[in-house]
Amino acid sequence: MTAQATNHQQAANTIASFVSFVALYLVCRRGPFANALIKFVRTSPRASPSSSKGSKWKDTTVEGGREIVGDAELKYGIASRIVAEVHNWVGLFLGISALRDTSSPLWSDPLFAQNSASRLLIAWTTGFFVFDTLLVGYHSKTEGVGFLAHAIGCLFVYGNALVTGTHHLFGALFITWELSTFFLHVRWLLKEMGHDGGKAYALNGVLLFVAFVVVRNVGGTYASAMYWRETAPLVANVEARRGAISLPTLWAFRAANVLLNTLNAVWAYKMARGVYSRFFGRSRRKEKL
């Protein structure tokens with residue numbers, strides 16, 4: 001396949017990816033399936049009242065002393081997380097497939113090499129982050145600046161990998177960050193079902209923290225160090241860029257890497273405080289009393 005044909009195929013795959021995420025979101029947000037999901041969450045036996053105060057959701061009511069997210073916002077929360085999980089697991093499969101393909105020079109030429117799985121991954125994930133950026137941007141008051149910055153940063157990284165045909169190895173490495181997102185979504189679901197005071201919620205919190213630190217902080221730092229080492233020769237050597245990456249784009253990639261790693265560090269710190277408070281905060285307060 002020629003370079004032009006490959007580019008056309010990548011563009012088509014990205015558009016198909018974006019459309020599929022929009023369609024899945026609408027199915028999960030509207031109609032009988034959405035109502036069934038709402039019923040599942042609403043009718044779940046509640047282990048304990050929610051300990052959260054001042055819900056960030058606009059559409060809320062109070063039931064039995066516990067804040068209940070309104071149907072519209074709950075549908076958004078469920079639908080957006082289902083779409084994200086579909087993206088994550090397919091992306092992880094494609095990323096691992098790309099990394100395991102020993103017949104391609106992906107590892108020996110990490111900035112410029114591609115294989116069939118990595119191309120599918122880059123198109124699939126770019127389509128998702130177009131969708132995610134639009135969705136989070138629309139709900140920015142609910143999701144916050146951090147999640148919006150994450151969506152924009154990821155869209156820039158994967159979008160540029162799509163356009164330039166570079167960074168495929170790092171796209172496959174960094175998609176492994178999403179292994180921790182599963183536990184984040186389980187945490188949200190348990191909280192909405194009223195189980196945020198139970199053992200399952202606490203155990204999931206520990207698993208979330210461990211997975212986050214392993215894949216994002218430790219694995220992410222290793223992959224980032226590898227990235228900065230591989231891109232160092234390209235900063236001063238125009239020929240090393242092979243006409244595929246401009247110097248401003250290269251520095252923009254580096255800035256996005258710093259941004260995303262900084263967000264991961266901040267979120268890991270907040271989770272560490274939450275885990276500590278969960279298991280040691282109460283006992284220490286009791287000891288003081």
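Values in this document were obtained by computation on a predicted structure and should not be read as measured data.
- Under the 4.5 Å side-chain criterion, counting only non-hydrogen atoms from C-beta, E143 is not in contact with Y138.
- For the pair N35/K75, a side-chain contact is recorded, criterion being any heavy-atom separation below 4.5 Å from C-beta on.
- Within the structure, side chain to side chain donor-acceptor pair (under 3.5 Å) contacts touching residues 247-256 (residues at least two apart or in different chains) are T231-R254, S246-T249.
- Here the straight-line distance linking atom CG of N204 with atom CG of D196 works out to 12.0 Å at 0.5 Å rounding.
- Hydrophobic clustering (side-chain heavy atoms under 4.5 Å, transitive across Ile, Leu, Val, Met, Phe, Trp, Tyr) groups V275 together with V186.
- Applying the ring pair (Phe, Tyr, Trp, His ring centres under 6.0 Å) test to H167 and every residue at least two apart in sequence or in another chain returns Y227, F253.
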Using residues 22-30 as the side-chain source, report each donor-acceptor pair under 3.5 Å to any protein atom, sequence neighbours left out, with the distance given to one decimal.
{"unit_1": "Y25", "atom_1": "OH", "unit_2": "R29", "atom_2": "NH1", "d": "2.6"}
{"unit_1": "R29", "atom_1": "NH2", "unit_2": "A72", "atom_2": "O", "d": "3.3"}

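- The same ILVMFWY cluster, assembled from side-chain heavy atoms under 4.5 Å apart, contains both Y201 and F280.
- With a 4.5 Å cut-off on side-chain heavy atoms, V214 and L179 do not count as touching.
- At least one side-chain heavy atom of Y158 sits less than 4.5 Å from a side-chain heavy atom of I175.
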In sequence, state the C-alpha distance, the side-chain angles, and the governing distance for F174 and L260, and then conclude on side-chain contact (heavy atoms from CB on, under 4.5 Å).
-> CA-CA 10 Å; F174 287 122; L260 295 172; over 6 Å; no

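- Under the side chain to side chain contact (heavy atoms under 4.5 Å, CB included) criterion, I96 pairs with R100, not counting sequence neighbours.
- Between A149 and L259, the closest heavy-atom pair is O-CD2, 4.0 Å.
- Side-chain atoms of N115 and H168, non-hydrogen and from C-beta on, never get closer than 4.5 Å to each other.
- By the side chain to side chain donor-acceptor pair (under 3.5 Å) test, H185 pairs with E85, sequence neighbours left out.
- The backbone N or O of F183 lies less than 3.5 Å from no partner atom in the side chain of R187, so there is not a single donor-acceptor pair.
- Counting only residues at least two apart or in different chains, side chain to side chain donor-acceptor pair (under 3.5 Å) contacts with residues 122-133 comprise H87-T125.
- Two residues are said to be in side-chain contact when any heavy atoms from C-beta on lie closer than 4.5 Å; N257 and F170 fail this criterion.
- Residues E192 and W188 form a side-chain contact, since some pair of their non-hydrogen atoms from C-beta on lies under 4.5 Å apart.
- Between F128 atom CZ and F18 atom CZ the span is 11.5 Å, to the nearest 0.5 Å.
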Check step by step if side-chain contact (heavy atoms from CB on, under 4.5 Å) holds for I82 and L37.
-> CA-CA 11 Å; I82 289 176; L37 292 173; 3.8 Å; yes

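- Summarising the geometry of L184 relative to L208, their closest heavy-atom pair is N-CD1, 3.7 Å, with the distance given to 0.1 Å.
- Here the CG atom belonging to L169 is positioned 8.5 Å from the CD atom belonging to E230, to the nearest 0.5 angstrom.
- Residues V157 and V235 share a single hydrophobic cluster, defined by chaining ILVMFWY side chains whose heavy atoms lie under 4.5 Å apart.
- A continuous path of hydrophobic side-chain contacts links F40 to I38 [ILVMFWY only; heavy atoms under 4.5 Å].
- In this structure the side chain of L111 never reaches within 4.5 angstrom of the side chain of T166, judged on heavy atoms.
- Between the OG atom in S118 and the CG atom in D101 there is a gap of 8.5 Å [rounded to 0.5 Å].
- L234 and V238 end up in different hydrophobic clusters when Ile, Leu, Val, Met, Phe, Trp and Tyr side chains are linked at under 4.5 Å.
- Nearest heavy-atom pair across L92 and T176 is CD2-CA, 3.7 Å.
- Using a 4.0 Å cut-off between charged nitrogen and carboxylate oxygen, E178 and R216 count as a salt-bridge pair.
- Partners of N217 by side chain to side chain donor-acceptor pair (under 3.5 Å), not counting sequence neighbours: none found.
- Residue pairs satisfying the ring pair (Phe, Tyr, Trp, His ring centres under 6.0 Å) criterion with at least one member in residues 93-114, sequence neighbours excluded, are absent.
- Closest non-hydrogen pair, A240 versus P233, comes out as CB-O, 4.2 Å.
- When all heavy atoms of L263 and G146 are compared, the pair lying nearest together is CD1-O, 3.8 Å.
- Every pair passing side chain to side chain donor-acceptor pair (under 3.5 Å) that includes a residue from residues 233-242 is listed here, sequence neighbours excluded: D109-R242.
- There is no side-chain donor-acceptor pair under 3.5 Å between W177 and N264.
- T14 is linked by a side chain to side chain donor-acceptor pair (under 3.5 Å) to nothing, counting only residues two or more places apart in sequence or in another chain.
- Distance check: F131 CZ to S20 OG gives 9.5 Å after rounding to the nearest 0.5 Å.
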With side-chain contact (heavy atoms from CB on, under 4.5 Å) as the test, would you mind laying out the steps for W89 and F182 before giving the verdict?
-> CA-CA 9 Å; W89 289 110; F182 171 76; 4.2 Å; yes

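- Rounding to the nearest 0.5 Å gives a distance of 6.5 Å between OH of Y222 and CE of M226.
- Contacts of N13 classified as side chain to side chain donor-acceptor pair (under 3.5 Å), with partners at least two apart in sequence or in another chain: Q9.
- Smallest separation of non-hydrogen atoms from A98 and A172: CB-CB, 4.3 Å.
- Here H139 pairs with Y76 under the ring pair (Phe, Tyr, Trp, His ring centres under 6.0 Å) rule; sequence neighbours left out.
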